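Protein chains get the first letters and strands the later ones, always in sequence-line order, with residue 1 at the start of each. Only a predicted model underlies this, so the values are computations on that prediction, with no experimental measurement involved.
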2 protein chains.
Amino acid sequence: MPGLQTKPPSRIQQENRRAILDAALDAFSTHGFRGTTLDQIAEKAGLSKPNLLYYFPSKEAIHTELLSGLLDTWLDPLRALDPAGDPKAELLRYVHRKLEMSREMPRESRLFANEVLQGAPHLGPLLGTGLKALVDEKTVVLRAWMDEGRIARLHPVHLIFSIWALTQHYADFDVQVRAVLGDEGTDPYPEASLFIDTLFTKLLSP
Amino acid sequence: MPGLQTKPPSRIQQENRRAILDAALDAFSTHGFRGTTLDQIAEKAGLSKPNLLYYFPSKEAIHTELLSGLLDTWLDPLRALDPAGDPKAELLRYVHRKLEMSREMPRESRLFANEVLQGAPHLGPLLGTGLKALVDEKTVVLRAWMDEGRIARLHPVHLIFSIWALTQHYADFDVQVRAVLGDEGTDPYPEASLFIDTLFTKLLSP
DNA sequence: CGTGATCCTGACCAATCGGTCAAAAGATAA
DNA sequence: TTATCTTTTGACCGATTGGTCAGGATCACG
């Protein structure tokens, strides 16, 4: 069907869409969907509200656009788990990549947390399909490794849960982490990395 | 100063205030503060909106009342950690009590998660004072146990973080947990309890 | 019973929300 | 320059929000 191709986005369109999505990520991740107003996003993006709605048809559209790419990005490290690699090394690499993502993409982590916390009203059934499928696939690998006695026998899904919980905790509960640790300026991640490494090394040893 | 004492709440006041707080806990924990409307709370509590505001001066007041008691309740299990008890037994008891709370008070867990996730705008400095003080106190106990070689040497604060993260995960990310595990009706907690027990048993062994 | 305090409600309000629209301003290419 | 397309805006809209208020219903108690 020739003639139906979409025009390539202009430089202005690229810049403004990026600015909007960035501002929206900031807002949605700290105030939630309903807690965020279009005016907030517009101001942070340096645009007027009607101009916002020139680039995106609605508030939901912005939120959806952010969420849609997120799940994939978020699961990339798990997807990279190599069945042919060394079990312990592969899992520890996964853990560290996940912790690194918490540190470098805390806004995305919180956006995701907000969504799941409220019952995943927008991500919805994607959890039961795409996410579950990936976990099921990797579960087979984990079970094989356990059968071969290369890592300790554990419930594979709960093992994955534990990785998610421990790593995302440092992004999602950042305020609490810093409040408890004191030492305002200090970066909690180095110690966290060490601790989590120890934890999973011990846990996975048969 | 006689004459200044507050009148005891009538039966109706007790019932309605309880109904309101219960309805509000439901709403706030699943939609967040801004995502919740007074009409939602009123309907769920079986009252009219003006009647709501007869018992509480504002939406914030309800939210504050819920949060104020929460932190204490939430930290009770940690407070109960007995320095004179057996280290491993004490810590495992703490872990299990915490997991039990996630199972039986998921709404409270999510309310707390929502608050911290958004930067603790209402709980505010209480994290840096009350919470930090308690953790610091228990940190001393943990360090002593480690010095005596009765549990493995770990960063005590991150150890506590790991307990929080792992147990609260099952309440806060309940939707995701159930989606990934499949088996709609099944209760994930028995397996979770087993897994977490194994994890901390291994982790704490010197 | 009656009477005062407690409890409850419909009607209303100002502010804010997401979103629309017509038209101006700016860019682009002939 | 002119004509066309893209980008931006101020003014505006209906719906919803948290909250008020005057007065009516109901209760406890002498």
Atom CG of N51(B) and atom P of dG18(D) are separated, to the nearest Å, by 17 Å
From the candidates dC8(C), dG18(D), dT8(D), the one with an atom nearest any side-chain atom of N16(A) is dT8(D)
E15(B) atom CD is separated from dC27(D) atom C1', nearest whole Å, by 14 Å
- Might you work through the side-chain contact (heavy atoms from CB on, under 4.5 Å) test for Y54(A) and L47(A), ending with a clear yes or no? CA-CA 10 Å; Y54(A) 170 75; L47(A) 300 170; over 6 Å; no
Atom CG of L52(A) and atom C1' of dG18(C) are separated, to the nearest Å, by 11 Å
Against the side chain of P50(A), the closest entry in dG10(D), dG18(D), dC17(C) is dG10(D)
(request) Remember a base hit wins even if backbone is also touched, and classify L38(A) as base, sugar-phosphate or nothing at under 4.0 Å, heavy atoms. (result) sugar-phosphate
Picking from dT17(D), dG18(C), dT20(C), the nucleotide nearest the side-chain atoms of K59(A) would be dG18(C)
Between Y54(A) and T37(B), the residue closer to the 5' end of DNA chain D by nearest nucleotide is Y54(A)
To the nearest angstrom, the CD-C1' distance between E60(A) and dC17(C) comes to 14 Å
Result for 5'-nearest mapping on DNA chain C, choosing between K49(B) and Q13(B), is Q13(B)
Q: May I ask you to verify if any side-chain N or O of S48(A) is less than 4.0 angstrom from the OP1 or OP2 atom of dT9(D)?
A: yes
Output for pair (S162(A) OG, L166(B) CG), nearest 0.5 Å, gives 6.0 Å
When rounded to whole Å, the CZ to P distance for the pair F56(A) and dT20(C) reads 15 Å
From CG of L47(B) across to P of dG10(C) the rounded distance in Å is 13 Å
Original post:
Where the side chain of H169(B) meets the backbone of A165(B), is there a donor-acceptor pair that is under 3.5 Å apart?
Top reply: no
From the candidates dT20(D), dG18(C), dG19(D), the one with an atom nearest any side-chain atom of S58(B) is dG19(D)
If you define the side chain from C-beta out and look only at heavy atoms, does anything of Q176(B) sit under 4.5 Å from F112(A)?
yes
In whole angstroms, the gap separating C1' of dC17(C) from NE2 of H31(A) amounts to 16 Å
inquiry  = Looking at M105(A), is its backbone amide N or carbonyl O close enough to the side chain of S109(A) to form a donor-acceptor pair, meaning the two atoms are under 3.5 Å apart?
reply    = no
Q14(B) CD to dC7(C) C1', in whole Å, measures 15 Å
Closest of dT7(D), dG18(C), dT20(C) to the Y55(A) side chain is dT7(D)
